[in-house]
Amino acid sequence: MEISKAYDPGVVEEKWYAFWLQNQFFKADENSAKPAYSIVIPPPNVTGMLHMGHVLNNTIQDILSRKARMTGHEVLWLPGTDHAGIATQMMVERQLKKEEKKSRHDLGREAFLEKVWAWKEKHGSIIINQLKKLGCSCDWSRERFTMDPEYSRCVQRVFVDLYRQDLIYKGRRMVNWCPVSQTALSDEEVEMKPQKGFLYHFKVRVLGMEDTWLTIATTRPETIPGDTAVAVNPKDTRYAHLIGKCVLRPFPADIPETARTIPIIGDEHVDFAFGTGVLKVTPAHDKADFEIARRHGLPFLEVIRADGTMDSSAGSALAGMDRFRARKEVVEALRSMGALTEEKPYDHNVGFSQRADVPIEPRLSEQWFLKYPALEASRLCVSEGRMRFHPDRWAKVYEHWLNNIQDWCISRQLWWGHRIPIWSKMLPAGQTVDGRLAEAIRQANDAGDLAVIKTIPQPDGQMRMELATNSEACSKVALVLGFEQDPDVLDTWFSSWLWPFATMGWPAKTGMLQKFYPTTDLVTGPDILFFWVARMIMAGYAFMGGKEQSLPDPMPFRNVYFTGIIRDKQGRKMSKTLGNSPDPLVLIEKYGADALRFGTMRSAPLGQDVLFDEKDVELGRNFCNKLWNACRFRQMQGGAIQDEIQPALLNSDDRWILSSLNTAIRSVTLALNEYQFSEAAAALYRFFWSEYCDWYLEACKAVLNGNDADRKANSCAVMDFILSHVLRLFHPFLPFITEELWHGMGYSADMPSNQGGASIMSAPWPLPLNEDEMEQFGLSQTAFDLTSSKYQLITQGRNLRRIGNIPSGKKVKYVFKPVMALNEHDHEVIRLLLNAESLPVQPDFTPPKGTPSVKTNWGELFLPLEGHIDKAAEKARLQLELGKIEAEILKVKQKLENPGFVQKVPPQVLQEHQQRLVDWQAKMKHVQESIDNLQD
RNA sequence: GCGCGGUUAGCUCAGUGGUAGAGCAUUACCUUGACACGGUAGGGGUCACAGGUUCGAACCCUGUAUCGCGCACCA
């Protein structure tokens, strides 16, 4: 192959991705005899565009998948997208408004949904294509969407099943209402944000008492028209005597006083230290007040409408006004009637709709709720360690959430999503199920579908008959009989929580489920621990635990890896509004996908947020280029691939790099097994750059510049050995460039097709050398250390140039006074790497006075400078060094003189310290001599 | 308020009891036959603070400060 000077990722990446797809290397075979490894992708929103969070997330999944393939696993990485109810609907609504100036209501439900589907068809694959650019090795033949027909049937089935068990019920409750999206939200979708507001005090007259007033503190005066009581703590001596009396509510001012006379009640909930100790009770617009009202049988008075504007019940002055505008109006009105006694700035937390970013309005409404199933099993699998969280501190957060769990509000007043599979009809009490419907229900159940009917008595004496079914035939009969389907749809997460098995053909016992469930790893951000991870665990235990699946453990995954959150280099969250979120595709264009992957992984330690800096990607690009050029260097030596290393011809540097490779294989494998991706990347980086390129390749040139063809060939064999291992170790991180070089260097040529012959993807993951191989190659710690100290000698020798201000590029003469026999190879390596013109070996060398030198266990190295030395400067430098050495000696001496130390410390540590003292003392002696030599 | 995590070189971070590390940035030198997206050699840190345990603490314990996150919140 002809290798260019710099690596150009663009063409290479496209070529190999197409190649992988064409050869179906990503495809999972459920009939394979290999052990299974599986991941289901956290499905990105169909509205999504690839951002740095996706890059982090999916690179990790790809690394895990590719490594698993190389270690001989049958890998399923199952991709797909999420319909993302609110987000998608809002996006299409916005577009509709912009382009056609219409609302969804103008179109009607059906026509609007057609629009959304059309939008999904057009844009839904954008993020999928972006993942392909990143190199993701997903099995695209199994791509799923949470609103696929089969998937939707799973959602319905689960709903009906839970409904049958009375775990799903309809209730009129206080919910988190988003006035912009105009739907209920779950508690998890509400984000508390600190807000600057005001705490207002206003007074109301106590009826039937002479000049007695109560002062009430509130942050929400606009809800005064909805107050149906005033509460005080019964233990509060200031007010207890007033319980049972009434006060006059100031608003709405245009209704008779009798209609706004409200009682003073006593309730333990009231904190008499807060505000004035008097609480206004607005049962329809506050969660706590709702509970108080229930305890005291107070009426509920709604004064704010679904869209966040004031209802006519709030009085004609406020009707139709936005809630925040109304707040100001009410304050002014109180002020003008002289009732406002205080108005002071107040910081407090307000719940915001996560999606629409506006304050939530607690609102009384009828919604569907779910009592979470399988709570205990879900808790135990983590606390008992059968399912492991990485890092495991998230297990505590998970447990805490489970222990404080509230029923899940699962209905949404949206159109885009899974419509609730309930059909109902009002009937006179006592009416039985129509025969045709009863027959349809029987048939549905016989066919393996679910159909359940319930009757719910109504306050007016009628009853509501509810059919829950996932059978289309059955629901059609109900429609004919005048039943109507519930208009709401389900929370998006009510479909996502089934992802690990609904994507694999559940409820049937499919080959795919048998092979790949439970999945091995889940990789996701901690921000969706409650939304998604926890609920998937429950769904696993609730629906995969039955006899029909016959699983030893129905858990959905064995390991959960929580990524950090990607922030910018100032530590701020990436966001569109801040404009600090780089477009990964631009980065891929500029630096290459491998560079982006490597840079991201290198800076993303387990369990920490990632401060992203484009410099990291630049580092990745530089690294790819280094890899490219190291291979180019091997290529330029010519010759065929050398796959036979001749042990007899190995030199000290060959042995050193083979030992080093062995260490690298161990540490990279270990790090990956422990999900320490940044550690694995750093270990590879260090091995390849600092050890292979900086030392081995440079030392290699001693052989390659020579004339011994056998030894040259053997050096090439070692290079090929190292490179073929390095490429495989790097493949999970850098899939494209490693594939290109794997083929380009010819390493694929001799391999069986399914073991690296066709693609590096299927090449075996490198194993450390076994003892036989170590012995055959003559590798040992002693030999390794000896060569390491040779390199230390070289570094120190190069440093000598500074003394005479000799440029590193200038060839000079060094003299070596060895302590042991120096073989020809080592001699040449030292000479070459010192960039020495010559390196005479003179065992009895007597240097001219003041010649700079270093002393090592290989011997003493001199740089004769012939009077080029600034003696004063050199002396000062040596004095400084002497000071440092003395400090070190003092430290070690103090330890060794401490009787406690000598008695208690392990012998090995003691010996280390003693050796250290000897070394430092030798060094001190040498430096002292050098100083003495500088004296005239 | 409760819980969790962080505080180590100018920056971003490794380092879990035995000589303080990496990358970037920085200084000097080098365009040498793989690579300037490069090479060589440097400089730079009383490991937030205070106690304690230990022969020995960046590391273990206690407390404090500070930053961040999660949960719960008093209207």
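Proteins get letters first, then strands, A, B, ... in listed order; numbering begins at 1 in each.
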**Message:** Heavy-atom nearest nucleotide on RNA chain B for N898(A) versus T219(A): which residue maps closer to 5'?
**Reply:** N898(A)

**Request:** Check whether any side-chain N or O of R323(A) sits under 3.5 Å from a backbone N or O of I304(A) as a donor-acceptor pair, and report yes or no.
**Result:** no

Atom pairs, N/O to N/O, protein against nucleotides 15-22 of chain B, distance under 3.5 Å?
from	atom 1	to	atom 2	distance (Å)
U19(B)	O4'	R916(A)	NH1	3.0

**Note: K287(A)-E291(A) ion pair, threshold 4.0 Å (strictly below)** = no

**Message:** Pair N898(A), Q894(A) - check side chain to side chain donor-acceptor pair (under 3.5 Å), show working.
**Reply:** CA-CA 6 Å; N898(A) 181 344; Q894(A) 273 173 352; over 6 Å; no

**Request:** For each nucleotide in nucleotides 25-32 of chain B, reading 5' to 3', give B when a protein heavy atom comes within less than 4.0 Å of its base, S when such contact involves only the sugar-phosphate, and - otherwise.
**Result:** ----BS--

**Asked** Are OP1 or OP2 of G42(B) and a side-chain N or O of R802(A) less than 4.0 angstrom apart?
**Response** no

**Prompt:** Side-chain N or O of N404(A) less than 4.0 angstrom from OP1 or OP2 on A72(B)?
**Reply:** no

**Request:** Give one of base, sugar-phosphate or nothing for Y398(A), where a contact means two heavy atoms less than 4.0 Å apart.
**Result:** nothing

**Prompt:** Heavy atoms under 4.0 Å, any strand shown: does D271(A) hit a base, just sugar-phosphate, or nothing?
**Reply:** base

Atom pairs under 3.5 Å: protein N/O with N/O of nucleotides 33-35 of chain B:
from	atom 1	to	atom 2	distance (Å)
A34(B)	OP1	K701(A)	NZ	3.4
A34(B)	O3'	R632(A)	NH2	3.0
A34(B)	O2'	N629(A)	OD1	2.6
A34(B)	O2'	R632(A)	NE	3.1
A34(B)	O2'	R632(A)	NH2	2.8
A34(B)	N7	K701(A)	NZ	3.4
A34(B)	N6	E698(A)	OE2	3.1
A34(B)	N3	N629(A)	O	3.2
C35(B)	O4'	N629(A)	OD1	3.0
C35(B)	O4'	N629(A)	ND2	3.4
C35(B)	O2'	N625(A)	ND2	3.0
C35(B)	O2	K626(A)	NZ	2.8
C35(B)	N3	K626(A)	NZ	3.0

**Request:** Between A41(B), C37(B), A75(B), spot the one nearest the side chain of N622(A), thanks.
**Result:** C37(B)

**Request:** Quick one: the dot-bracket string of RNA chain B, using Watson-Crick and G-U wobble pairs with both distances under 3.5 Å, [ ] for crossing pairs and | for bases paired to another strand.
**Result:** ((((((((.[[[[.)..(..]]]].(((((.......))))).....[[[[[..)....]]]]])))))))....

**Prompt:** Going by number, which of residues 279-290 of chain A have a non-hydrogen atom under 4.0 Å from RNA chain B?
**Reply:** L279(A)

**Item:** Sequence-distant partners of K893(A), salt bridge (charged side-chain N to carboxylate O under 4.0 Å, His left out), two or more places apart
**Value:** none

